[in-house]
*Asks:* 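Take this structure, written in structure tokens, and hold onto it; I'll ask about it next.
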Amino acid sequence: MEYNFKEIEENWQKFWADNKTFAANDDSTKEKYYVLDMFPYPSGAGLHVGHPLGYIASDIIARFKRHKGFNVLHPMGYDSFGLPAEQYAIQTGQHPKITTENNIAVYRKQLDKIGFSFDWDREVRTSNPDYYKWTQWIFIQIFNSWYNKNTNKAETISSLISEFEANGNANINAHCDDDVKSFTAQQWQTFSEKEKSDVLMAYRMAYLGEAYVNWCPQLGTPLANDEIKDGVSERGGYPVERKLMKQWSMRITAYAQRLLTGLDKLDWTDSLKEAQRNWIGKSEGTSLKFKVANSSFDIEVFTTRPDTIFGVSFVTLAPEHELVNSLTTPENKVNVEAYVTQAKNRSERERQADINKITGVPTGSFVEHPFTGKHIPIWIGDYVLAGYGTGAVMAVPAHDSRDYSFAKHFGLPILEVVEPTSNVTLSEVEGSYDAKEGKLINSDFLNGLDVKAAMKKAIAEIETKNLGKGKVNFRLRDAVFGRQRYWGEPIPIYYKNDIPYALSESELPLVLPEVDKYLPTEDGEPPLARATNWRYRPLSNSPQGGENTKPHNWETAGDSSYNFTKEKAQELRKNQTEAEQILWEAIRKKSLDVKFRRQHIIGSNTVDFVSLETKLVIEVDGKIHLDKKEYDAERTKELESVGFSVIRFTNEEITNDIENVISKIKLKLEEFPKVLPSGEDLGGASYPFEHSTMPGWAGSSWYFLRYMDPHNGSGFASIKLTDYWKQVDLYIGGSEHATGHLLYVRFWTKFLNDLGHIAIDEPAKKLINQGMIQGRSNFVYRMKENQNVFVSKGRANRDLTEEELNVVGLKTSEFDLIAIHVDVNIVKNDVLDQDAFRSWREEYKNAILLCEDNNEFLCSHEVEKMSKSKYNVVTPDDIAEKFGSDTLRLYEMFLGPLEQSKHWNTNGITGVHGFLKKLWRLFYQNDTFTVTHDEPTKAELKTLHKTIKKITEDIERFSFNTSVSNFMICVNELGDQKCNKRAILEPLLICLSPYAPHITEELWSLCGHTESIVFAEFPHCNETYLVEDSFTYPISFNGKMRFNMELSATLTVPEIEKEVMSSEEVQKYLEGKTPKKIIEIFKNS
RNA sequence: GCACACGUGGCGUAAUUGGUAGCCGCGCCAGACUUAGGAUCUGGUCCGCAAGGGUGGGGGUUCGAGUCCCUUCGUGUGUACCA
């Protein structure tokens, strides 16, 4: 029987889905194993063959661990907020929600086809209100926290407030804004609410602050540093400029040191850890004050080379430095102002472009050298960054290349203070001598010391003289958290009298509202400002819901679903039950002194009766409610969470004794006195929400936790489950997230750990980067002279024949060619399918193709990124269609080491497919399935156990390409042995099943098993089968192998040596000489 | 510029710790079965007739180096005025 992969794969995929084979168990005695994949953004282009690479690898591990008896958590979901869907929405008006849902459907279909063992019941989507409710909740925790440097932890803001109330901020050692003024407890008490808020803002971990941001006008949003590539936006390639904006930011810098030291205990790739280290950019140095001559100002600089203090020949300030104006002398005023304006407007891109262009102006002021008292000029230069260190440097041109270029350009003095110790002399050094090696010269008390000693002495001297102190600086900046965009999580903040307040937990999720357009408003406000009536209404004192006001926490905020519920409510009002009718008349007649509404919408519920003033809900439970106890309880809980109380009556109670019911209601009303709107809230005052949304990294910074408890309605994940699943044991993802996502997720994990919400402080124990798969594009050459003529690659430089010249319509063979992309799917091994080419596009229908002598048309090729526009996209679906998913899985692994980047090329795929066919054939004889119970031979056992050993080792070191080879060797050997024995083939199927799950399930069930192979125990290697009777020893002379000798494996070392030395061959190579040394090497020794 | 990674047949690659370089697959060559093959199967395939030589180049450590060290060239990735 043929290997019918299509049928087999569809059947087993259905089986796994129907039986929920891969559901992880939250309550298991098995050891847990958590394998996580990179969170995909569902783009419109769907998956190409590069995407599944990591997923296949992680799936192999997940399946392997199941065979090894682990309780495996292997989830998948979508990072479904993001720019592309929004850009598409702007262009087409299509709601990003719809685009996203469609894209997800495509992804899901593609993923299912590859046979991944995901637990789909745990799927999460960051754009789901159920999910982002908790993203918002975490934001509020961060907002309500400050970083205590004494405990080296984030703590809740209430501890800070109590300290302020008791002692002011004198004893507080916090990671906060630099310019916080000190105040006493008495002063704190006198502060207005706004003042208090402003002070707290300087301490909050999530804060609203003025910051220079990388503003991208085209995208209408600021971008984080890691979203900019080469001075333009990573997405779309738009220019980026610097802009001072009020922005939500996160104090990730508080964690800089912990993020750095935490790397040491992580089993992550070195290159990735290195990238994070560089990004955090710790540098130890000294901050040092220079007194400005004839003035009371000091300039504080940061330097890593305090030893070169005597080499300072000028001081440079960043154009944004706060002292620029004060230090500029009248005669320099015009120049300085012009320079500062120009520098401020210079966009990031311009700065990138003329990186070597040196600009600057003198201020006319001078500082005094702290040791010599000499006057040193103060300059302004944009090579000094305002945001790093103190925004000012002491320039030592002889020993810093940037200072050197600046000094050379403006003719400033260069003072040499370090003499190299190596064999170069100072005069031989071109430019500056930056190395931290050498002896100090021209440096007073530092003379003769080497650089290290000089640094220590200089710092000591600086500290005794109270000029400054040792200081550590980080390159890492606080992370900008606000995006002026629509398709993201709303930031759960509203403004009352210009003071930002966070929503309370019960008011979450703050659902993304509907807008008419996905563009900024005319006033440049973010798209959310377009949402009419989207304002905060305090729940405690204003009418909620109803026909005219949409509740602010209306789920999905979709008009359609709101209208649906509203219509439903109207309908119910018209079709009241008998009991409802009786009660309605009663509560209206009996003057209860409060106004009731019937069938009124509160949140996502329609309640039977409600008094909005007293927040009392009356529910009438018909017969149907007998089976809906749980639903009712849930509903009550929900209503209570937004401040309502609920009283229930059955139909019978009402129809039998309405008086009793009314008195019960009266009693209840006394319990809950009327809350009348008062003061500024009278009439249901409302406040504007924050209009910016969260960045893409918000939702992805904690998704690994949500998978542990994806349906939890009362928390982001229960502590019981986060304690059980703990950390991700293996994460496979691309290195492109090194300085973005992977840093932020570590930050949030540490934060949640500080506050005691989770027990771990690092998200993933082990991390592997899968390499990128690049596309391979094909080109055809088109003649410029005659656009209808295409020339095969080998003909490009060859003259045309007489006949061809006629056909083409040229007089001579002189022509120019341009290469144009051609769909790789109509090219095989660079040979063009000519018919397919003609039908590919209308304009090529009558194309003239000048071919090689064998009538083939050859294309040229190039390695490029896979993209639609290059016609080089190969989708996993194409491969699965032609060869099956098992072949695709094996082939992607076979391509090379997981971490290496590679070019997509299907040249070898037939080999892999052939292997599966060979495997299939082992189970069949003359078209009938035949496996015997015969005793396996020694050779067969050796083949099997050798393979088990190799595969186990390979999987454990993530060497998937070599295991595919080993499977091939095994099947080749078993084929030679004509082996069809159950005792051999069944263990082999288990070994192979993580790699090729469908074919192995099929053969496993054909072998008579009724249980899925997924949980079959992985076979163990029995070393005794690997022992040999004899061994072929290689004999080397001077390290070079010359010949082999087969000897019995039972021989002892001296016996072997005797045998070898007495052999004729050895004598031949020795040529009568005596060997100096004889070395025997043994396996595993 | 700096940091990291990587250079092995015609190609993708293998050689876990320094110990027989080239496994497995593609491609290619030859053969079998075939009306036919882009199907299937079998055999061969680093270079050289051989001795021997071969892991980008040069040097070193070692009895022995693809593997370790130095240097140089090339490719890729990340980062960029971070004082």
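A, B, ... follow the sequence lines: proteins, then strands. Residue 1 opens every chain.
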*Asks:* To the nearest Å, how far apart are A:N278 CG and B:G1 C1'?
*Replies:*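 It is 14 Å, rounded to the nearest whole Å.
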
*Asks:* What is the distance, rounded to the nearest whole Å, between atom CD of A:E274 and atom P of B:G76?
*Replies:*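 After rounding, the reported distance stands at 21 Å.
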
*Asks:* Check side-chain contact (heavy atoms from CB on, under 4.5 Å) between A:K766 and all other residues, then give those that pass, not counting sequence neighbours.
*Replies:*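 In terms of side-chain contact (heavy atoms from CB on, under 4.5 Å), with neighbours along the sequence ignored, A:K766 is linked to A:D267, A:L730, A:I768, A:F958.
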
*Asks:* Taking CE from A:M968 and C1' from B:A14, how many angstroms apart are they, rounded to a whole number?
*Replies:*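 Those two atoms, CE and C1', are 13 Å apart.
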
*Asks:* For residues 280-287 of chain A, which side-chain donor-acceptor pairs fall under 3.5 Å, sequence neighbours excluded?
*Replies:*
unit_1, atom_1, unit_2, atom_2, d
A:K282, NZ, A:Q257, OE1, 2.7
A:S283, OG, A:Y388, OH, 2.8
A:S287, OG, A:E300, OE2, 3.1

*Asks:* Mapping A:S959 and A:R305 onto RNA chain B by nearest heavy atom, which one lands closer to the 5' end?
*Replies:*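 Whichever sits nearer the 5' end wins; that is A:S959.
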
*Asks:* Classify the ring geometry between A:F967 and A:Y995 as parallel (under 30°), tilted (30 to 60°) or perpendicular (over 60°).
*Replies:*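 Ring orientation, 0 to 90° scale: perpendicular.
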
*Asks:* Just the rounded figure in Å: distance from P of B:G78 to CG of A:N769.
*Replies:*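 Nearest whole value for this atom pair: 12 Å.
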
*Asks:* Of the listed nucleotides (B:C81, B:G25, B:A15), which one gets closest to any side-chain atom of A:N972?
*Replies:*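 So the nucleotide nearest the side chain must be B:G25.
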
*Asks:* For B:G66, does the glycosidic angle fall within 90° of 0 (syn) or outside that (anti)?
*Replies:*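 That one's anti.
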
*Asks:* Quick one: side-chain contact (heavy atoms from CB on, under 4.5 Å) partners of A:I969, sequence neighbours excluded?
*Replies:*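 By the side-chain contact (heavy atoms from CB on, under 4.5 Å) rule, A:I969 matches A:N966, A:E973.
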
*Asks:* Taking atom P of B:A3 as reference, at what distance in whole Å does atom CZ of A:R475 sit?
*Replies:*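 That distance rounds to 15 Å.
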
*Asks:* For A:H409, enumerate each residue passing the side-chain contact (heavy atoms from CB on, under 4.5 Å) test, keeping only those at least two apart in sequence or located in another chain.
*Replies:*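 Testing A:H409 for side-chain contact (heavy atoms from CB on, under 4.5 Å), a comparison that skips the adjacent residues, returns A:I358.
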
*Asks:* Please tabulate, one pair per line, each protein N/O and nucleotide N/O from nucleotides 40-42 of chain B that are separated by under 3.5 Å, including the distance.
*Replies:*
unit_1, atom_1, unit_2, atom_2, d
B:U40, OP1, A:K917, NZ, 3.4
B:C41, OP1, A:R921, NH1, 3.2
B:C41, OP1, A:R921, NH2, 2.8

*Asks:* Atom CH2 of A:W904 to atom C1' of B:G12: distance rounded to whole Å?
*Replies:*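 Computing the A:W904:CH2 to B:G12:C1' distance gives 12 Å.
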
*Asks:* Find the distance A:K882:NZ to B:G38:P and express it as a whole number of Å.
*Replies:*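 Value for this atom pair: 16 Å.
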
*Asks:* Report the residues that fulfil side-chain contact (heavy atoms from CB on, under 4.5 Å) with A:A738, sequence neighbours left out, ordered by chain and then residue number.
*Replies:*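 Scan of A:A738 (side-chain contact (heavy atoms from CB on, under 4.5 Å), adjacent residues dropped) gives A:L272, A:A275.
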
*Asks:* Rounded to whole Å, please give me the gap between CZ in A:F894 and P in B:G12.
*Replies:*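 In whole Å, B:G12 P and A:F894 CZ are 13 Å from each other.
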
